[in-house]
Amino acid sequence: MEKNTEGFCKNCHALLRPVKNRDGSISYICPRCKRNIERTGESDDLFPFEKLRPIQSEFLRDARNALAGKKIMMANAPTGLGKTAVALTATVEYGLKNGCIVFFMTSRQSQHKIAIETLARMRKKTNKIVVADMIGKKSMCIADNIKNSRFFEELCAASYRTHVCKFAHASPEIVRKAKEKPMDADEIIKLGIAQKSCPYMCATDVGKDATVVVCDYNYIFSDLSEIVLQKLGADIENLVLVVDEAHNLPERIRANYTQILRPEDFKEASGMISKIDPMVAGILNRMYGKLTQHNFQDEGKLDRGFFEEIYRSVSAENLAALSFTDFLEKLEMLNAFLEKQGIFEPWLENIGKFIKRWNTNEDALLRFAKEGKFICESLDTSTVGRKVFEKCSAGLIMSATLHPLEMYRDLLGVPEERCMYKYYMSPFPKENRLLLTVRHLTSRYSARNKEMYESYSASITEIIKNVPGNVAVFYTSYQMMAEIGNRITEMCKKLHIFEQSGMTKSQKISVLNELRENRDRGAVLHAVLGGSLSEGIDFRDNLLSCVIIVGIPVSPPNVETVSLENFLKQKYGDEKGYAYARICPAFNKVLQAAGRCIRSEKDRGVIILMDARFNYPGYRKYLPEDFIPENVTDIRSAMARFFGSMQGKER
Ligand code: SF4
C-alpha cells in the first residue's frame with residue numbers, strides 16, 4: 001500500500017479520509033482517486049480546508065522543511081496562493097510538536113479576522129489550539145476618557161497602578177469562552193463592554209495559555225515586546241513567528257521607534273507645576289518660548305545638544321538652576337509626585353523620555369524638526385529585527401510583494417545562515433493579465449509642468465475610453481492626482497471617484513459599491529500610490545478591468561529620505577543604499593497597486609505602467625521576474641486584442 005506522511009493525496013491533493021479496517025487499524029483513502037493509502041509519521045491533518053492546491057502543497061512542504069531546520073523562511077508568495085492557511089498549518093504543527101507559541105503578526109485588522117476564522121477551523125481538528133487575538137491596546141480599550149489621549153500608554157499604566165480604571169480586570173468568563181472558541185478582538189471587546197471588563201486584559205489572560213497569538217507587529221518589534229512576553233510567560237526562544245504582509249515591517253519598525261515632542265508640551269508641563277515648583281515651571285515656560293521660535297520650515301538635521309543649549313540659554317540667569325541632567329531627573333520626580341496626588345498628565349514624563357532618547361549616542365538616530373514638531377527617528381531597522389530573528393525558534397516572513405528578498409533580509413536583520421528564500425509564481429493564468437509600459441511619459445520631478453500633465457491626461461483618457469469596465473488610476477501624490485485627474489474628468493464623461501486622504505472603512509466600502517454599480521458603463525477611480533485604496537483592499541469579482549500607474553513614487557529628497565539613503569549607502573554600499581531607500585520602496589507601492597487588478601484565477605485585466613523609467617535597466621532590474629512589462633507603442637491596439645480575445649472566451 002502507498003505510504004504518505006502529508007495527509008493529502010499526492011495525485012489530486014484531496015484531503016485523505018480515515019477508514020477503519022477489519023482489524024481495527026486505521027488506513028486512509030483518497031475520496032477522489034479511491035486509493036487506499038497508509039498514513040505514517042505525525043498527524044498533520046491541521047490544514048483547515050478540503051483541498052490543498054498544488055502551489056499550496058509546495059508552500060506547505062517548504063514551510064515544514066524550513067521550520068524543521070529552525071530556519072527563517074522568507075517567501076514572496078503572490079495573491080491567491082492561500083498563504084494564511086498554509087502558514088498557520090505549518091507553524092501550529094511545529095508549535096504543538098516543539099512546545100512553542102505561534103505569533104501570527106499582521107498589520108491589518110481584516111487579516112486578523114481571516115487568521116481567527118482559519119484557526120477556528122483548525123481547532124475542530126484538535127482542541128489543543130488556544131488562540132488569543134490581540135490588536136493594539138488602545139483599540140481594545142473601553143475607558144473612553146483615556147483611550148483618546150495622545151498619552152494613552154502612560155495614562156493606562158498610571159490608572160491601572162492606582163486602581164482608577166474601573167475596567168482594569170479580566171473577566172474569568174470571557175477568558176474561558178475565548179479559550180474554548182477562537183474569538184476575534186471585536187467579539188472580546190463586545191463581551192468586555194457588556195461585562196465591564198478590560199478586553200485587552202482578557203485577551204492577555206487568554207494569551208497566557210495560547211498556542212497561537214494573533215497580533216500586530218509591535219507586540220514583538222517594539223519596546224513593548226519585553227513586557228508582552230513577560231505577561232504571557234513566554235521567551236523569544238520559544239516563539240515561532242509568522243510575519244504576514246511583511247513588506248510593511250521595516251517601515252513599521254521605524255515608526256515604532258520614532259518619538260515626537262511639541263513646543264506646546266513644555267507649556268502644558270509648566271502650567272501643571274507652576275504652584276509646586278515655580279523655578280522649574282519658569283524654565284519650561286521659557287523653553288517653550290524659545291522652541292516656538294524655531295524655524296520649522298528648514299527641515300535640516302539638529303544636533304544632539306540642541307535641547308541642552310536651549311535649556312542653558314533660558315536658565316543661565318537663574319543662579320539656582322540645575323545641571324541639565326539634574327533638570328531631567330527633577331522632571332521625573334515631579335511627575336511621580338503628581339501621580340501620587342492622583343494627577344495623570346504625562347507632559348513631564350514625555351519631555352523627560354524624549355530628551356533622554358535625543359541625547360543618546362545612537363549612530364542611526366535622526367534628529368530633526370518639521371511641521372511644528374521635534375522628531376527622533378531611528379534609521380536602522382535591522383538591529384531591532386536581528387534581536388528577534390537571531391533568537392526565535394523559527395519563522396515565516398511572507399508577502400505578495402516581498403521583493404527583493406535580500407533587501408528585506410538586510411533591513412530586518414535576519415541572520416544569513418538562518419535564511420531560506422522562496423519565490424512562488426502567481427497561481428493565476430498568465431494570459432489573464434496584460435502588462436504594458438510606455439516610452440513617451442515620465443513623472444520625474446524635473447519634468448513636472450503643464451505639458452507633462454496634459455500629455456498624461458490625454459494618454460490616460462484615450463485608454464479609459466477603450467476599457468470595457470472600471471479603471472483605477474494610481475498617482476504618485478495627491479497633487480499629481482489633482483493636476484491630471486481633474487483634466488481627465490473634463491475630457492471623459494464617466495463617473496469619476498477621487499480618493500480622499502484618511503478615508504474610513506465605510507467610505508472605502510462605498511467606493512467599492514459605486515464601482516460595482518457602474519461596472520457596465522465603466523467608472524474611473526483616481527487614487528494615490530501607497531494610499532488606503534492601493535493596498536489591503538480587495539477589488540474582487542474583476543471590479544477593475546484596468547489599472548494605470550502614473551509615475552514612480554520615489555520619495556522626495558527631504559531630510560528623512562536623504563538621511564536614510566546616506567545611512568543605507570554607508571551600511572550596504574552605494575548601489576544597494578540607493579535602491580533600498582528610493583527605488584524598492586517605490587516599486588513596492590507600484591506592485592501593491594497593480595495587484596488590485598487581478599484577485600482570482602477568473603479575473604482578467606490590463607496593467608499599464610506609465611513612466612519611461614520602467615524601461616531603464618537601472619530600474620527594471622528591481623522589478624520581479626514575473627512583472628516585466630511589455631513595451632508597446634500602440635497601447636490601444638494591444639488592449640483591443642486583449643479585450644477582444646476576452647470576449648471570444650466569454651462567448
Ligand atoms: S486597563 Fe484596559 S480599559 Fe483600563 S485604560 Fe487600560 S486598556 Fe483601557
Side-chain angles (χ1 to χ4, degrees), residues 103-109 112-113 116 130-179 182-210 213-234 252 255-256 259-260 265 268-269 272 332 335-350 352-353 505:
F103 264 62
F104 183 94
M105 288 169 277
T106 175
S107 55
R108 281 194 282 132
Q109 221 157 312
H112 276 247
K113 286 193 188 291
I116 298 295
V130 174
V131 183
D133 185 22
M134 301 175 81
I135 55 173
K137 191 196 227 181
K138 192 171 180 173
S139 308
M140 294 187 95
C141 179
I142 54 172
D144 290 339
N145 54 335
I146 293 174
K147 74 180 293 182
N148 296 322
S149 166
R150 183 182 142 206
F151 300 111
F152 165 75
E153 280 297 339
E154 290 83 355
L155 286 178
C156 167
S159 59
Y160 174 74
R161 279 197 299 272
T162 52
H163 310 287
V164 166
C165 175
K166 59 180 189 280
F167 308 113
H169 67 280
S171 148
E173 196 191 329
I174 299 177
V175 174
R176 180 182 53 76
K177 280 187 181 166
K179 281 185 190 170
M183 275 186 197
D184 67 40
D186 284 346
E187 288 176 84
I188 297 206
I189 292 169
K190 263 187 216 152
L191 291 174
I193 292 170
Q195 300 199 17
K196 298 189 176 15
S197 166
C198 172
Y200 177 78
M201 292 178 72
C202 293
T204 307
D205 265 20
V206 179
K208 287 174 187 164
D209 287 326
V213 176
V214 179
C215 61
D216 190 81
Y217 304 142
N218 63 359
Y219 280 77
I220 293 295
F221 297 98
S222 79
D223 284 341
L224 270 182
S225 107
E226 222 172 286
I227 304 166
V228 169
L229 293 180
Q230 205 179 24
K231 277 188 188 163
L232 301 184
R252 283 294 304 277
N256 285 344
Q259 284 176 295
I260 289 173
D265 296 354
E268 296 283 354
M272 274 173 56
E332 263 177 43
N335 187 57
F337 174 78
L338 288 172
E339 200 179 297
K340 273 196 195 137
Q341 314 294 309
I343 301 168
F344 310 117
E345 292 291 350
W347 309 105
L348 288 166
E349 192 182 346
N350 190 44
K353 266 206 257 172
K505 193 175 166 189

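We count ligands from 1, going down the list as the structure has it; atoms in each ligand are counted the same way.
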Is any side-chain heavy atom of F103 closer than 4.5 Å to a side-chain heavy atom of L232? yes
Please confirm if an N, O or S atom belonging to C141, backbone or side chain, lies less than 2.8 Å from atom 2 (Fe) of ligand 1. no
Within 2.8 Å of atom 6 (Fe) of ligand 1, is there any N, O or S atom belonging to C156? yes
Going by the order shown, which atoms of ligand 1 are within less than 4.0 Å of some heavy atom of C165? 1 (S), 3 (S), 4 (Fe), 5 (S)
Compare every heavy atom of M272 with every heavy atom of L348, then report the nearest pair and how far apart it is. CD1-CE, 4.4 Å
If every non-hydrogen atom of D133 is compared with every non-hydrogen atom of A185, which pair is closest and at what distance? OD2-N, 2.7 Å
Give me the residue, atom name and distance of the protein heavy atom closest to atom 2 (Fe) of ligand 1. C198 SG, 2.4 Å
Take C202 and S197 through the test side-chain contact (heavy atoms from CB on, under 4.5 Å) and record every step on the way to the result. CA-CA 8 Å; C202 293; S197 166; 3.3 Å; yes
